[in-house]
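Index from 1, following the sequence.
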Amino acid sequence: MKGMGIADKLVAAAEAAGCPDLGTLRNTIDDALAGNAEIIDRLLDLELVEEEPFFRALSERLGMSWESDPEPDTDDARELKRLCGAQVSIRHRILPLRLLDEAGDEEPGADTPAGARPPVVIATYDPFALARRRAAHRSIDAPVRWVLSSRRKVVAGLKNFYGVGGDTFEEVLASRDFDGSDAEIKEEINEIDSDDAEASVVKFVNQILKEALARRATDIHVEPLASDLRVRYRIDGVLQKVPVPENIKALQPSVIARLKVMSGLDIAEKRLPQDGRIHLRLDGLPIDVRVATIPGIEGESVSLRLLGQERFNLERLDMLPHIRKSVDEILKKPNGVLLVTGPTGSGKSTSLYCFLSVLNNESRRIVTIEDPVENKLEGVVQIAVKPEIQLTFATGLRSILRGDPNVIMVGEIRDLETAEIAIRASLTGHLVFSTLHTNDALGGVSRLIDMGVEPFLVTAAVRGFLAQRLVRRLCTQCRVPAHYSEDYLQSCGFPSERLLTPIYQANPAGCDACGHTGYRGRVAIYELCQLTPRLQDLIVRGATRQEMVKQTILDGFRSLRDYGWEKVLGGVTTIEEVVSATDDIFDEAAAPVAALT
């Protein structure tokens, strides 16, 4: 029983409780895990199990104490309400029962934080909601001993103990008038373009968010310094400092607290990193913001990733014809693996979402597992990795394969287990997309082999490795003609013999359209390494990287820098941008080319 997973334990408990339809129950559990839903609530709402026998059987399999009639101890009522107020208890769906003597025995299911206070016994009906249990534990100033009870009894206990109404948690919440800042009870939709008379801190935060969206920022960083609170936007991949009021340092705690409240984080927890989300509306359009806090010696810094409700299609990638044609051919295949490679922040996820949008139709079932889910795709089942409940890429991928998918997207291949499952999925008729952290396309081959994947499996399953980088687009309203010396062009490998049309560089002064930076937006540059029969033979034989590079060039491979030069000649970007984005791989790629010529 010790090695059983969540689904197996639930099925075993349901079987012991006399569930008449274990097949439907198993499918419901798999769907709940895939959809990141509350499993226990789903089973109870669909009446697939009888509460009392099911929870009794589950408590035995989890080794948790069972409470058939959970009632808070009247002698401890005052202290229980002080430790676990109505807001905490109803928010986290828990019921405080009693205080234990400090010398009392440890109970199964216990958390073991240090503390001198006597432990408090708390009943829960969902032992798998680990995030909720941990959040409750942080809110309770005492060690916690968890016991299991039924949902019906926990709801009844909350009604009696706190004097609230309703027969379900939704009705209980509706009957209690909580503080509007309780973002964990009710999802907060923030209208940041409304002109209201809120406090100065709220106005300042709203203005920061509104200005970031207006300036096309992808990230906002709020960073405490010794004598200031620095705010920076990342625009077109470059951080830019934002002017702030002179007295903003004095408001630092309030600004950080406001952002944490908006994103549903625990404002009292300042020692540990936290992650949350903010749901914004600007001019009626929804925008998601991913929030991460990091504790530092000067205070907590907050990073916000702005995720607009973007439209994904291949046209937005602006691929050159030779790459677009090859990608189209791969997308038409019924199976195989396409791996997008590159460093963090190179636009790999955007490319994958664009590929999925092409395939997303009524005839295909598409399932993704990501860490985290950055953009929501209508019609696609998207799973967020949750290591705290053992939902990793590998375990999630196994579950996905039981759900009859046609197309699978794995956020990242990090280990041998995930790599082998993805490859075997492609060999059994699935089209699989994922990412690898490598410098170039060909590096994906050695990365998989270094992980432990057999070379013959790489050649049998992988259709290609697509490497990419992001370069800034020139502002078309203020760009100026560029002039370079022959020596400079030769040193960076630019084909000066192709200078039949003018090339451009950024205007140092910029204009209002680009925020006086000379650039507006970013575009990806690509290189695609397809596994031709000759290259496959070299991989299986264990050839050196230099031998494989030579073969790819003979097969018509064009490097990232060559792709970038096409964008320079088209007036899209600058030589400096291409050189900066590809400098780490240029020297290595240039040597084999020279050897061939």
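How far CG of Leu48 is from CG of Leu22: 10.0 Å, rounded to the nearest 0.5 Å. Rounded to the nearest 0.5 Å, atoms CZ (Phe393) and CD1 (Ile421) are 12.0 Å apart. A distance of 4.5 Å separates CD1 in Ile94 from CH2 in Trp146, rounded to the nearest 0.5 Å. The CG atom of Leu10 sits 7.5 Å away from atom CG of Leu25, with the distance rounded to the nearest 0.5 Å. How far NE2 of His92 is from CD1 of Ile122: 10.0 Å, rounded to the nearest 0.5 Å. Atom OG1 in Thr368 sits 10.5 Å away from atom CD1 in Ile408 (nearest 0.5 Å).
Of the N and O atoms on the side chains of Asn406 and His430, not one donor lies less than 3.5 Å from an acceptor on the other residue. Inspection of the Lys210 and Gln207 side chains reveals no N or O donor paired with an N or O acceptor under 3.5 Å.
Residue Lys270 places its NZ atom among 12 or fewer non-hydrogen atoms of other residues, nucleotides or ligands, all under 6.0 Å distant. The 12-atom threshold is exceeded at CD of Glu417, counting heavy atoms of other residues, nucleotides or ligands nearer than 6.0 Å. Within a 6.0 Å radius of CD in Gln252, other residues, nucleotides and ligands contribute more than 12 heavy atoms. Counting non-hydrogen atoms of other residues, nucleotides and ligands closer than 6.0 Å to CD1 of Ile267 gives a total of 12 or fewer.
Between the Lys348 side chain and the Ser434 main chain, no donor and acceptor come within less than 3.5 Å of each other. Of the possible polar contacts, one joining the Glu51 side chain to the Arg152 backbone as a donor-acceptor pair under 3.5 Å is found. Counting only distance, with no hydrogens or angles, the side chain of Lys241 and the backbone of Arg230 share no donor-acceptor pair below 3.5 Å. Between the side chain of Asn360 and the backbone N or O of Glu378 there is at least one donor-acceptor pair closer than 3.5 Å. Between the Gln382 side chain and the Asn375 main chain, a donor and an acceptor come within less than 3.5 Å of each other. Arg365 places a side-chain N or O within donor-acceptor distance of the main-chain N or O of Gly403, the cut-off being under 3.5 Å. Side chain of Gln274 to backbone of Lys260: no donor-acceptor contact under 3.5 angstrom is found. The backbone N or O of Glu67 sits less than 3.5 Å from a side-chain atom of Ser149, completing a donor-acceptor pair. Using modelled atom types, no side-chain atom of Ser89 and backbone atom of Ala86 make a donor-acceptor pair closer than 3.5 Å. Although no hydrogens or angles enter the test, the distance criterion places no donor-acceptor pair under 3.5 Å between the side chain of Asp76 and the main chain of Glu79.
Scored by the side-chain contact (heavy atoms from CB on, under 4.5 Å) test, Ala257 finds no partners at all (sequence neighbours excluded). In this structure Asp21 satisfies the side-chain contact (heavy atoms from CB on, under 4.5 Å) test together with Thr24, sequence neighbours excluded.
A 4.5 Å side-chain heavy-atom check between Glu412 and His437 finds at least one atom pair inside the cut-off. Annotation: side chain of Asp288 is in contact with side chain of His279 (closest heavy-atom distance under 4.5 Å). Put simply, the side chain of Leu58 reaches to within 4.5 Å of the side chain of Ile40, judged on heavy atoms. Taking the side chain as every heavy atom from C-beta outward, Asp8 and Arg26 approach each other to under 4.5 Å. With contacts defined as side-chain heavy-atom distances shorter than 4.5 Å, the pair Val231/Ile248 does not qualify. Taking 4.5 Å as the limit, some side-chain heavy atom of Pro72 sits within range of a side-chain heavy atom of Leu95. Inter-residue side-chain proximity for Arg424 and Leu401 is flagged as unmet; no heavy-atom pair is nearer than 4.5 Å. Between Trp66 and Glu52, the closest side-chain pair of non-hydrogen atoms falls below 4.5 Å.
Of all heavy-atom pairs between Cys84 and Ile140, the closest is SG-CD1, 3.6 Å. The heavy-atom pair separating Ile400 from Pro405 by the smallest distance is O-CD, 3.3 Å. Between Thr392 and Val385 the shortest heavy-atom distance is CA-CG1, 4.2 Å. Contact between Glu71 and Leu97 at its shortest, heavy atoms only, is N-CD2, 3.8 Å. A pairwise comparison of heavy atoms in Ala16 and Arg61 identifies CB-NH2, 3.5 Å as the closest pair. A pairwise comparison of heavy atoms in Met64 and Pro127 identifies SD-CB, 3.8 Å as the closest pair.
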**OP:** Let me see the working for Asp41 and Arg93 under side chain to side chain contact (heavy atoms under 4.5 Å, CB included), right down to the final yes or no.
**Re:** CA-CA 11 Å; Asp41 283 321; Arg93 305 184 178 190; 2.8 Å; yes
**OP:** Just do the side chain to side chain contact (heavy atoms under 4.5 Å, CB included) check on Ile235 and Arg216 with the steps written out, would you?
**Re:** CA-CA 6 Å; Ile235 302 173; Arg216 304 174 293 102; 4.2 Å; yes
Subject >> side chain to side chain contact (heavy atoms under 4.5 Å, CB included) evaluation trace for Leu99 with Val120 >> reply: CA-CA 4 Å; Leu99 299 174; Val120 56; 3.9 Å; yes
Subject >> side chain to side chain contact (heavy atoms under 4.5 Å, CB included) assessment of Val255 paired with Leu229 >> reply: CA-CA 10 Å; Val255 172; Leu229 181 65; 4.3 Å; yes
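Taking the ring axis of Phe161 as reference, the NZ or CZ atom of Lys81 stays within 45° of it and closer than 6.0 Å to the ring centre.
In this structure, Tyr353 and Phe312 have tilted ring planes: the angle between them lies in the 30° to 60° band.
Of the residues Leu304, Val201, Val291, the one that meets the side chain to side chain contact (heavy atoms under 4.5 Å, CB included) test with Leu259 is Leu304.
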